[in-house]
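Along the sequence shown, residues carry numbers from 1. Order of listing sets the numbers, starting from 1, for every ligand and every atom in it.
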Amino acid sequence: MAHDLLVLNAGSSTLKFALFEASEARQTNEGREATHGLPCLLRGEIDLHAPAVQGHDGALAAVLERIDRQLDGAPLAAAAHRVVHGGEHFSAPVLVDARVLADLHRLESLAPLHQPANLAAIEALERLMPGLPQIACFDTAFHRGQPWVAQALALPAAVTARGVRRYGFHGLSFESIVAQFARHDASLVEARVIVLHLGSGSSLCAIDKGRSVATTMGFSALEGIPMGTRPGSLDPGVLLWLADHMALDTRAIEHMLYRESGLLGVSGLSADMRVLEASSDPQAARAIDLWVYRIGREIGSLAAALGGVDALVFTAGIGENSASARARIAAAAAWLGVEIDPAANREPRPRISTSASRVAAWVMPTDEEGVIARQALALVARHPRVTGRGSS
Ligand code: ADP
């Protein structure tokens with residue numbers, strides 16, 4: 001009988017995959033709360049730009065070959081996907097059908113770097129394994145319970161009515177961090193925490209008692225802090241100026257904002273923090289200075305939204321791996337009472353702040369695939385016929 005769940009996290013440059021054992025017993029007993037309790041049988045990542053890989057279909061075929069070897073020919077129960085934008089309508093995981101897919105395609109312009117890649121993976125899998133139940137899990141969903149003021153934009157009501165509002169992203173990552181709180185320190189469950197997801201794309205989330213109350217990304221994945229190739233928040237006057245004085249059309253502006261700005265744009269060197277940290281080029285140093293400064297200011301803004309901060313949590317590629325980035329950000333937040341223990345930060349230990357620090361600081365690994373698996377299995381548990389288990 002089919003037990004196993006394939007999780008796909010399709011980005012613009014990589015396809016991450018994981019295979020979880022999801023037997024019915026686990027699904028009902030553990031699946032609902034244990035993000036990290038599901039046994040992961042296989043995990044990996046394929047570079048979509050590698051010469052031997054031919055787009056999403058080629059990458060997916062390679063993943064399925066490895067899955068087939070692992071499962072020894074046994075069928076999959078279902079596949080679950082990270083989908084960046086759920087818009088106004090999708091605030092919980094959903095079983096994908098033609099109508100859902102059409103709705104999700106309509107949101108592509110709001111996340112042009114990610115949404116097309118996410119949906120391409122769903123469509124490629126449908127071609128390769130027709131009829132396999134596929135479940136979409138959304139990066140926006142975690143933020144849907146935020147107070148109205150945190151989601152609203154001060155625009156005319158007619159524009160807001162068309163769905164132009166702040167959504168927030170990286171929700172699957174933030175949820176995976178919240179799921180780790182109790183294991184590290186019971187007090188985090190009730191605390192005011194700022195989680196810093198610092199990867200190629202980055203955002204910060206203010207979490208009060210496990211719930212998102214504010215986040216730095218908004219309508220699109222452009223708002224907030226500077227990222228690898230995105231500028232973060234920008235005076236909208238700059239967009240008007242670019243259109244009027246550089247004769248750029250919207251596609252050209254989009255390209256600049258998603259692909260040519262951020263750490264890459266400022267340094268003129270690279271979007272990769274490792275390259276910038278190793279460089280002696282003064283522009284690389286300036287790019288990092290600007291990045292740290294802007295993160296420091298956003299921490300202040302989220303601290304205001306929370307009415308105080310009890311802990312910071314660093315996660316994702318830069319957050320988990322760069323001791324120097326963590327130390328500099330903690331120094332920018334020293335006024336809040338953050339004090340880093342340099343030895344703990346170098347290791348890093350999960351807790352990297354000193355025992356005297358008024359605000360605790362932690363490093364926790366993100367596990368988006370684990371959260372997707374848990375959400376998908378909860379959906380299957382509610383609707384057993386999704387995987388044909390209702391009749392077995
Ligand atoms: P995404 O999943 O958004 O593609 P990741 O969370 O994997 O991104 O983060 C990727 C980024 O993490 C890279 O661009 C790189 O800048 C950064 N990174 C990874 N390892 C290190 C390291 N040891 N030191 C500094 N930065 C790192």
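Of the possible polar contacts, one joining the Arg166 side chain to the Ala150 backbone as a donor-acceptor pair under 3.5 Å is found.
Between His197 and ligand 1 there is no heavy-atom distance shorter than 4.0 Å. Note on ligand 1: Gly228 sits outside its first shell, no heavy atom being nearer than 4.0 Å.
There is no path of hydrophobic side-chain contacts, each under 4.5 Å, that joins Ile352 to Met364.
Among the atoms of Asp272, some N or O lies under 3.5 angstrom from an N or O of ligand 1. Distances between N or O atoms of Met273 and those of ligand 1 include at least one value under 3.5 Å. On a distance-only criterion, Gly317 and ligand 1 share at least one N/O pair closer than 3.5 Å.
For atom 2 (O) of ligand 1, the nearest protein heavy atom (residue, atom name, distance) is Lys16 NZ, 3.0 Å. In this structure, atom 17 (C) of ligand 1 lies nearest to the protein heavy atom Ile318 CG1, 3.4 Å. Protein heavy atom at the shortest distance from atom 23 (N) of ligand 1 is Asn321 CB, 3.3 Å. The protein heavy atom nearest to atom 10 (C) of ligand 1 is Ser200 OG, 3.6 Å.
Counting non-hydrogen atoms of other residues, nucleotides and ligands closer than 6.0 Å to CZ of Arg349 gives a total above 12.
Close contacts between ligand 1 and Gly201 involve ligand atoms 3 (O) [criterion: under 4.0 Å to a heavy atom]. Against a heavy-atom cut-off of under 4.0 Å, Ser322 is close to the following atoms of ligand 1: 24 (N), 25 (C).
Between Arg192 and Asp310 a salt bridge is recorded (basic side-chain N to carboxylate O distance below 4.0 Å).
Here the OG atom belonging to Ser203 is positioned 12.0 Å from the CG atom belonging to Leu222, to the nearest 0.5 angstrom. Summarising the geometry, atom CD belonging to Gln115 is positioned 12.5 Å from atom OG belonging to Ser220; distances are rounded to the nearest 0.5 Å.
Classification of the Phe90-Phe138 ring pair by plane angle, with boundaries at 30° and 60°, yields parallel. Using bins of under 30°, 30° to 60° and over 60° for the plane-to-plane angle, the ring pair His170/His197 lands in the parallel bin.
Between His170, Arg274, Glu277, it is Arg274 that holds the heavy atom closest to atom 13 (C) of ligand 1.
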